[in-house]
**Student:** 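The structure follows.
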Amino acid sequence: MSFSYETKSELCRLPVQRHCCARAEAYGILLYCHTFNSTEVRIITENPGFAQRLPKVFQRAFSLRFDRVPEEGEEGKRIFQITDEKKLHHIINLLGYAPEQNLVLHINFGLLEEECCRASFLRGVFFAGGSITDPLKRYHLELMTSHAQVDREMAALLKDCGFTPKSIARGGGYVTYFKQSEHIEDFLTLIGAPVAAMNVMSAKLEKDLRNSVNRRLNCDSANLDKVVEAAQEQLEAIRTLQRAGLLVQLPDKLQLTAALRLENPELPLSELAEEFDPPVTKSCLNHRLRKLMELAKSVEE
């Protein structure tokens with residue numbers, strides 16, 4: 001199952017309670033469903049939970065039943081339809097539109113004055129026109145409608161709720177979307193899907209941890225490469241002094257340093273310094289090795 005499917009299934013478990021909130025949820029569904037005009041309401045869904053919820057919401061919101069509902073046990077795309085003129089007139093009138101005019105849809109903010117109604121409205125919008133990408137892949141939540149004015153007003157509504165959405169026209173529709181994980185979490189929490197919101201948060205933490213580990217491994221790998229390269233240069237310098245017969249002529253401290261480096265070619269300076277008896281400081285060891293490399297360079301020149 002997709003992340004969108006699981007999120008909508010979570011939302012479907014919410015009870016249909018207050019009359020005003022049921023109407024707000026139904027309103028969001030209508031503005032973002034397949035068809036809503038003066039002659040037809042057509043809602044199409046593949047989610048069985050939403051298919052069970054729809055009749056309850058419309059009965060609570062408008063005190064009416066759909067003219068067409070899916071057959072019991074029907075799978076795939078389920079179609080809900082209203083074509084009865086009186087029912088359509090009733091819905092349009094309750095939502096504040098003028099039935100005698102050509103129905104140009106916009107958001108009636110008068111129905112969304114209460115915070116609970118706004119949350120229910122956005123939940124309906126997500127049910128009918130929303131989708132969300134698996135957060136383990138990327139962060140993307142979008143709401144798609146076929147009504148340009150609704151899309152513009154939706155962006156304004158979301159900004160009023162503290163979000164910063166973006167909008168784009170795509171495939172004959174209008175999409176409001178956001179890609180910030182924090183905004184997606186807040187939106188899901190607002191519409192009543194805290195489990196989905198927590199999953200987004202967990203995915204973000206997992207990806208951040210993975211990126212942090214990768215950065216650390218890359219850093220450690222780069223440092224290891226530097227250690228190996230420096231050790232190879234030191235070993236080559238010591239061998240140059242050996243071939244020239246100069247190593248045995250050096251002070252005891254430098255001879256001991258050369259011997260320990262030859263015996264421990266893989267050790268970083270901090271660990272090599274511990275091999276001395278008594279141990280020397282990393283700075284002291286570094287000074288001795290630089291001296292050996294300078295002597296080897298002078299021999300080569």
**Student:** Does one hydrophobic cluster hold both Phe62 and Leu111, with members joined at side-chain heavy-atom distances below 4.5 Å?
**Tutor:**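 Yes.
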**Student:** Under a 4.5 Å cut-off applied to non-hydrogen side-chain atoms, are Phe187 and Leu143 in contact?
**Tutor:**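 Side chain of Phe187 against side chain of Leu143, heavy atoms only: contact under 4.5 Å found.
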**Student:** Does Glu142 pair with Arg170 as a salt bridge, N-O distance under 4.0 Å?
**Tutor:**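 Arg170 and Glu142: salt-bridged.
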**Student:** Within the distance-only criterion (no hydrogens, no angle test), does the side chain of Gln255 pair as donor or acceptor with the backbone N or O of Val248 below 3.5 angstrom?
**Tutor:**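 Present.
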**Student:** With no hydrogens and no angle check, is any side-chain donor or acceptor of Asn264 less than 3.5 Å from a backbone partner on Leu272?
**Tutor:**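 No; zero donor-acceptor contacts below 3.5 Å.
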**Student:** Give me the atom names and distance for the closest heavy-atom approach of Ala26 to Phe58.
**Tutor:**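 Where Ala26 meets Phe58 most closely, the heavy atoms are CB-CE1, 4.1 Å.
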**Student:** Using atom types as modelled and distance alone, determine if a side-chain donor or acceptor of Arg261 lies under 3.5 Å from a backbone N or O of Leu235.
**Tutor:**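 Pair absent, no side-chain N/O of Arg261 close to backbone of Leu235.
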**Student:** Tell me whether Leu190 shares a hydrophobic cluster with Ile29, the cluster being built from Ile, Leu, Val, Met, Phe, Trp, Tyr side chains joined at under 4.5 Å.
**Tutor:**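 Yes, Leu190 and Ile29 fall within the same hydrophobic cluster.
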**Student:** Looking at side-chain heavy atoms only, is the closest gap between Asp84 and Leu64 below 4.5 Å?
**Tutor:**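 They are not in contact (no side-chain heavy atoms under 4.5 Å apart), so the answer is no.
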**Student:** Taking Tyr27 for its side chain and Leu112 for its backbone only, find out whether a donor-acceptor pair lies under 3.5 Å.
**Tutor:**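 No; judged by distance alone, with no hydrogens or angles, the pair does not exist.
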**Student:** Tell me yes or no: between the side chains of Arg152 and Gln149, is some donor less than 3.5 Å from an acceptor?
**Tutor:**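 Side chains of Arg152 and Gln149: pair found under 3.5 Å.
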**Student:** Is the backbone of Gly76 close enough, under 3.5 Å, to the side chain of Arg78 for a donor and an acceptor to pair up by distance?
**Tutor:**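 Pair found, side chain donor or acceptor close to backbone of Gly76.
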**Student:** Do you know which two heavy atoms are closest between Ile184 and His140, and how far apart they sit?
**Tutor:**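 So the two residues come closest at CD1-N, 3.6 Å.
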**Student:** Any donor and acceptor pair, going by atom type alone, linking the side chain of Lys87 with main-chain N or O of Arg65 inside 3.5 Å?
**Tutor:**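 Yes: the side chain of Lys87 pairs with the backbone of Arg65.
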**Student:** Can you label the angle between the Phe178 ring and the Phe163 ring as parallel, tilted or perpendicular, going by 30° and 60°?
**Tutor:**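 Ring orientation of Phe178 relative to Phe163: parallel.
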**Student:** Side chains of Tyr174 and Met154: closer than 4.5 Å at any heavy-atom pair?
**Tutor:**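 SC-SC contact between Tyr174 and Met154 ruled out.
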**Student:** Could you tell me whether the side chain of Ser4 and the main chain of Ile132 form a donor-acceptor pair under 3.5 Å?
**Tutor:**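 Side chain of Ser4 to backbone of Ile132: a pair is present.
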**Student:** Side chains of Val299 and Leu295: does their closest heavy-atom pair fall under 4.5 Å?
**Tutor:**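 Val299 does not reach Leu295 side chain to side chain.
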**Student:** Side chain to side chain contact (heavy atoms under 4.5 Å, CB included), that's the test. Do Leu122 and Leu157 meet it? Break it down for me.
**Tutor:** CA-CA 10 Å; Leu122 292 173; Leu157 175 62; 4.1 Å; yes
**Student:** In terms of hydrophobic clusters joined by side-chain contacts under 4.5 Å, are Phe3 and Leu136 together?
**Tutor:**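 Cluster IDs for Phe3 and Leu136 differ.
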**Student:** Can you check whether Arg53 reaches Phe127 side chain to side chain, under 4.5 Å on heavy atoms?
**Tutor:**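 A side-chain contact exists here, since the closest heavy-atom pair is under 4.5 Å.
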**Student:** Determine whether Leu285 and Leu260 satisfy the following criterion, side chain to side chain contact (heavy atoms under 4.5 Å, CB included), listing intermediate values before the conclusion.
**Tutor:** CA-CA 11 Å; Leu285 177 57; Leu260 286 174; over 6 Å; no
**Student:** Let me check something: do Phe109 and Phe36 share a hydrophobic cluster, defined by ILVMFWY side-chain heavy atoms less than 4.5 Å apart, either directly or through other members?
**Tutor:**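 Phe109 clusters together with Phe36.
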**Student:** May I ask you to decide if Ala196's main-chain N or O and Glu10's side chain share a donor-acceptor pair within less than 3.5 Å?
**Tutor:**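 Yes, the answer is positive, given that a donor and an acceptor are paired below the 3.5 Å cut-off.
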**Student:** Report yes if some heavy atom in the side chain of Lys179 is under 4.5 Å from a heavy atom in the side chain of Lys166; otherwise report no.
**Tutor:**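 The answer is no; the side chains never approach within 4.5 Å.
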**Student:** For residues Tyr5 and Pro48, report the shortest heavy-atom separation together with the two atoms involved.
**Tutor:**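 Smallest interatomic distance, heavy atoms only, reads OH-CD, 3.2 Å.
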**Student:** If Ile, Leu, Val, Met, Phe, Trp and Tyr residues are connected whenever their side-chain heavy atoms lie under 4.5 Å apart, and connections chain through other members, are Leu94 and Phe80 in the same group?
**Tutor:**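 Yes, it is one cluster - the side chains of Leu94 and Phe80 are joined through contacts under 4.5 Å.
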**Student:** So, for Ser181 and Val200, which heavy atoms are closest and what is the spacing to 0.1 Å?
**Tutor:**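 Heavy-atom minimum between the residues: O-CG1, 4.1 Å.
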**Student:** If you look at every heavy atom in Pro165 and Lys159, which pair is closest and at what distance?
**Tutor:**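 Looks like CD-CG, 3.8 Å.
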**Student:** Do we see a donor-acceptor contact under 3.5 Å between the side chains of Asp151 and Thr145?
**Tutor:**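 No, no side-chain donor-acceptor contact under 3.5 Å.
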**Student:** Within the structure provided, determine whether Val16 and Gln59 are in side-chain contact (heavy-atom separation under 4.5 Å).
**Tutor:**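 Of all side-chain heavy-atom pairs linking Gln59 with Val16, none is under 4.5 Å.
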**Student:** If you take all heavy atoms of Leu241 and Leu292, which pair is closest and at what distance?
**Tutor:**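 Distance-wise, the nearest heavy atoms are CD1-O, 3.7 Å.
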**Student:** I'd like to know if the side chain of Lys8 and the backbone of Gly130 have a donor-acceptor N/O pair within less than 3.5 Å.
**Tutor:**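 Yes; at least one donor-acceptor contact below 3.5 Å.
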**Student:** Heavy-atom distance under 4.5 Å between the side chains of Ile92 and His89, does that happen here?
**Tutor:**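 They are not in contact (no side-chain heavy atoms under 4.5 Å apart), so the answer is no.
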